[in-house]
Q: 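I'd like to ask you about the structure that follows.
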Amino acid sequence: MRCRQVNAKYLPVPFCSTPACLTLRFPGGAAANDPGAHGRHQDMRTIGVVGLGNMGRGMALSLRRGGFEVIGYDPAPAARAALEADGITVAGTPAALWRECDAVVLSLPTPEVVEAVLLGADGPLHGAKTDLQIVDTSTSHPDVTRRIAAALEPAGLDLIDAPVSGGPKGAHAATLTMVLGGSDAAVARAEPVLAAMSATRVHVGGVGAGHVTKLANNLLCAAHLITAAEAVRMARDAGVEPARLLAGINAGSGRSGVTQVNFPTWVLNGAFDSGFTMKLMRKDVRLAGELIAALDLDLPLSAQAARLWRDSAEIADDADFNAIVKLQLA
């Protein structure tokens with residue numbers, strides 16, 4: 001497959017369904033996979049990773065394969081021990097990362113944790129390297145992201161929101177998709193770090209725009225799981241076998257990532273092992289609902305999808321998020 005090449009300053013929203021289709025280009029023409037590209041960004045040598053769960057650990061390993069020195073931190077002893085067993089240095093406190101690293105990648109569970117890490121007593125405002133760049137790959141609330149960025153800016157610290165899709169497998173294989181919020185200059189400077197973790201990067205606007213886009217994406221995914229399950233239930237009860245139904249849908253205009261990927265990969269075979277939990281998707285749907293409310297919008301279908309996710313308490317938080325289809329298909 002031939003890669004499409006775009007300028008990092010003007011990266012449009014997505015061109016194809018295959019993550020490997022994109023090579024990002026710096027303004028001036030150097031491709032992200034050009035060996036000279038890293039040489040022109042020599043200020044990015046040591047990268048910290050805060051949050052060493054399924055996603056953070058995979059991104060730390062991908063960064064090391066990309067040629068960076070990596071230092072990790074997580075408050076959980078088991079997470080720190082797992083990364084140390086992989087041969088990566090682990091810091092005793094987050095403060096050590098701010099002092100030693102040129103950029104720090106966050107992979108954290110909630111906006112509240114992100115804010116505590118970045119604006120708390122052990123945060124980068126208390127002893128970070130000059131010009132430290134922070135990349136938040138968490139799914140967070142854009143208002144929180146913008147508030148944090150405004151607090152960091154006077155200290156010369158750039159924040160990019162870079163929420164990811166692709167799950168733990170993508171984190172380990174460096175095939176993640178990132179939607180990026182930040183200034184053109186900050187995104188261009190971070191490109192070598194981002195390229196080491198991802199296959200597709202879409203710059204959607206200023207700080208916070210990445211998190212707006214990710215919440216919109218996950219709201220659609222959450223709704224599509226429900227509507228696809230209802231369509232499968234209708235067709236099954238009308239005598240059409242689910243796999244054949246999906247083959248027909250995926251040849252037509254009703255197809256989606258859920259019908260093309262989620263159902264064949266994790267639902268129809270009963271695997272339910274995507275690595276993304278009900279708890280995380282419930283959180284993302286809740287954040288999308290909070291954003292809709294803050295904008296004073298009346299979005300009835302979104303509200304109904306959010307209610308169904310909120311009321312699905314019979315499905316455990318640690319279950320795979322695709323298990324929401326069991327409300328119709330159990």
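Since we're looking at a predicted model, the values are computed, not measured.
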Q: I would like to know whether E115 and I148 meet side chain to side chain contact (heavy atoms under 4.5 Å, CB included); could you show each step before the answer?
A: CA-CA 7 Å; E115 188 164 23; I148 294 170; 4.0 Å; yes
Q: Please check if the side chain of K283 supplies one atom and the backbone of P109 the other of a donor-acceptor pair under 3.5 Å.
A: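 Yes, because the side chain of K283 sits within donor-acceptor range (under 3.5 Å) of the backbone of P109.
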Q: How far does CD1 of I47 sit from SG of C101, to the nearest 0.5 angstrom?
A: 7.0 Å
Q: Between CZ of R147 and CG of L159, what distance do you get to the nearest 0.5 Å?
A: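 Nearest 0.5 Å value for the CZ-CG distance: 12.5 Å.
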Q: Of the non-hydrogen atoms in G53 and D74, which two are nearest, and what is the gap between them?
A: N-OD2, 4.1 Å
Q: Does any N or O in the side chain of N250 come within less than 3.5 Å of the main-chain N or O of L246, such that one atom is a donor and the other an acceptor?
A: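 Such a contact is found between N250 side chain and L246 backbone.
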Q: Answer with yes or no whether the hydrophobic clustering places L125 together with Y73; edges join I, L, V, M, F, W, Y residues whose side-chain heavy atoms lie under 4.5 Å apart.
A: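 Linked within one cluster.
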Q: Is a donor on one side and an acceptor on the other found under 3.5 Å between the side chain of T137 and the backbone of L106?
A: yes
Q: Considering non-hydrogen atoms only, spot the tightest contact between L180 and A162 and give its length.
A: CD2-CB, 3.4 Å
Q: Are the side chains of V164 and M55 in touch, meaning some heavy atoms are under 4.5 Å apart?
A: yes
Q: Would you give the length of the straight line joining atom CD1 of I324 to atom CE of M281, rounded to the nearest 0.5 angstrom?
A: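 The distance works out to 9.5 Å.
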Q: Could you tell me whether K326 sits above the aromatic face of F272, with NZ or CZ closer than 6.0 angstrom to the six-membered ring centre and within 45 degrees of the axis?
A: yes
Q: May I have the step-by-step check of side chain to side chain contact (heavy atoms under 4.5 Å, CB included) for H172 and M59, ending in yes or no?
A: CA-CA 6 Å; H172 282 265; M59 287 187 278; over 6 Å; no
Q: How far apart are the closest heavy atoms of T259 and A228, and which atoms are they?
A: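 For T259 and A228, the tightest heavy-atom pair comes out as CG2-CB, 4.2 Å.
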Q: Counting distance only, does the side-chain N/O of W309 pair as donor-acceptor with the main-chain N or O of A222 below 3.5 Å?
A: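 At least one qualifying donor-acceptor pair exists.
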Q: Kindly give the heavy-atom pair with the smallest separation between I88 and A60, and that separation in Å.
A: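 Looks like CD1-O, 3.8 Å.
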Q: So, are R286 and E290 salt-bridged, with charged N and O less than 4.0 Å apart?
A: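 A salt bridge is present here (some side-chain N lies under 4.0 Å from a carboxylate O).
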Q: Within the 4.5 Å heavy-atom criterion, are L176 and S165 side-chain neighbours or not?
A: no
Q: Would you say V193 and L63 make side-chain contact, with heavy atoms under 4.5 Å?
A: yes
Q: Output the distance between atom CD1 (I292) and atom CG (L219), rounded to the nearest 0.5 Å.
A: 5.5 Å
Q: Quick check for you: to the nearest 0.5 Å, what is the distance between H224 atom NE2 and Q260 atom CD?
A: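 Spacing of NE2 (H224) from CD (Q260) equals 11.5 Å.
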Q: Taking atom CG of D158 and atom CG of L152, what is their separation to the nearest 0.5 Å?
A: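 Reported value, rounded in 0.5 Å steps: 9.0 Å.
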Q: Would V261 and L245 show up in the same hydrophobic cluster when neighbours are defined by side-chain heavy atoms closer than 4.5 Å?
A: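 No, V261 does not connect to L245 through the hydrophobic network.
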Q: Determine the minimum heavy-atom distance between D320 and M278, stating which atoms define it.
A: O-CG, 3.5 Å
Q: Determine whether V258 and N322 satisfy the following criterion, side chain to side chain contact (heavy atoms under 4.5 Å, CB included), listing intermediate values before the conclusion.
A: CA-CA 9 Å; V258 164; N322 293 286; over 6 Å; no
Q: Just one of V207, L215, D161 clears the side chain to side chain contact (heavy atoms under 4.5 Å, CB included) bar with P142, so which one?
A: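 By the side chain to side chain contact (heavy atoms under 4.5 Å, CB included) criterion, P142 pairs with just one of V207, L215, D161: L215.
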Q: Does CD in E69 sit with more than 12 non-hydrogen atoms of other residues, nucleotides or ligands closer than 6.0 Å?
A: no
Q: If you count heavy atoms of other groups shown closer than 6.0 angstrom to CD of E112, is the number above 12?
A: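 Yes, CD of E112 has more than 12 neighbouring heavy atoms, counting only those of other groups under 6.0 Å.
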Q: Which pair of heavy atoms, one from F321 and one from C221, lies closest together, and at what distance?
A: CE1-SG, 3.9 Å
Q: For R201, is there any backbone N or O sitting under 3.5 Å from a side-chain donor or acceptor partner on S198?
A: no
Q: Would you say W266 and L280 are hydrophobically clustered, going by side-chain heavy atoms of ILVMFWY under 4.5 Å?
A: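 No.
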Q: Between L97 and V105, is there shared hydrophobic-cluster membership here, with clusters defined by ILVMFWY side-chain heavy atoms closer than 4.5 Å?
A: no
Q: Using a strict 4.0 Å threshold on nitrogen-to-oxygen distance, state whether E100 and K129 make a salt bridge.
A: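 No, this pair does not count.
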Q: Give a yes or no on this: more than 12 heavy atoms of other residues, nucleotides or ligands lie within 6.0 Å of atom CG of L295.
A: yes
Q: With a 4.5 Å limit on heavy-atom distance, are the side chains of P192 and F68 in contact?
A: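 Yes - at least one pair of side-chain heavy atoms lies under 4.5 Å apart.
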Q: Output yes when a side-chain donor or acceptor of H203 lies under 3.5 Å from a complementary backbone atom of G205, and no otherwise.
A: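 Yes: the side chain of H203 pairs with the backbone of G205.
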Q: Short question: side chain of S62, backbone of A171 - any donor-acceptor pair under 3.5 Å?
A: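 Confirmed, S62 side chain pairs with A171 backbone.
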Q: Do R57 and D86 come within less than 4.5 Å of each other through their side chains, counting heavy atoms only?
A: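 In short, these two side chains touch, coming nearer than 4.5 Å.
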Q: For the pair V135 and L194, evaluate side chain to side chain contact (heavy atoms under 4.5 Å, CB included) and give the outcome as yes or no after the intermediate values.
A: CA-CA 9 Å; V135 178; L194 304 176; 3.8 Å; yes
Q: For the residue pair R282 and T277, confirm or rule out a side-chain donor-acceptor distance under 3.5 Å.
A: no
Q: Do the side chains of Q304 and I226 get nearer than 4.5 Å, heavy atoms only?
A: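 I226 does not reach Q304 side chain to side chain.
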Q: Could you tell me whether D237 and R233 make a salt bridge, using a distance below 4.0 angstrom between a side-chain N and a carboxylate O?
A: yes
Q: Can you tell if the side chain of L291 reaches within under 4.5 Å of the side chain of L287, non-hydrogen atoms only?
A: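 No, side chains not in contact.
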Q: Tell me whether E84 contacts the main-chain N or O of T89 through its side chain, where contact means a donor paired with an acceptor under 3.5 Å.
A: no
Q: If hydrophobic clusters are built from ILVMFWY residues whose side chains come within less than 4.5 Å, do V212 and V285 share one?
A: no
Q: In terms of side-chain heavy atoms, does H211 have a donor or acceptor partner in T145 at a distance below 3.5 Å?
A: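 On atom types as modelled, these side chains qualify, holding a pair under 3.5 Å.
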Q: Quick one: are L52 and V49 in side-chain contact, heavy atoms under 4.5 Å?
A: yes
Q: Counting only N and O atoms by type, is there a donor-acceptor contact under 3.5 Å from the side chain of S312 to the main-chain atoms of I315?
A: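 Such a contact is absent between S312 side chain and I315 backbone.
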Q: Taking R64 for the side chain and L61 for the main chain, is one N or O donor matched with an acceptor at less than 3.5 Å?
A: no
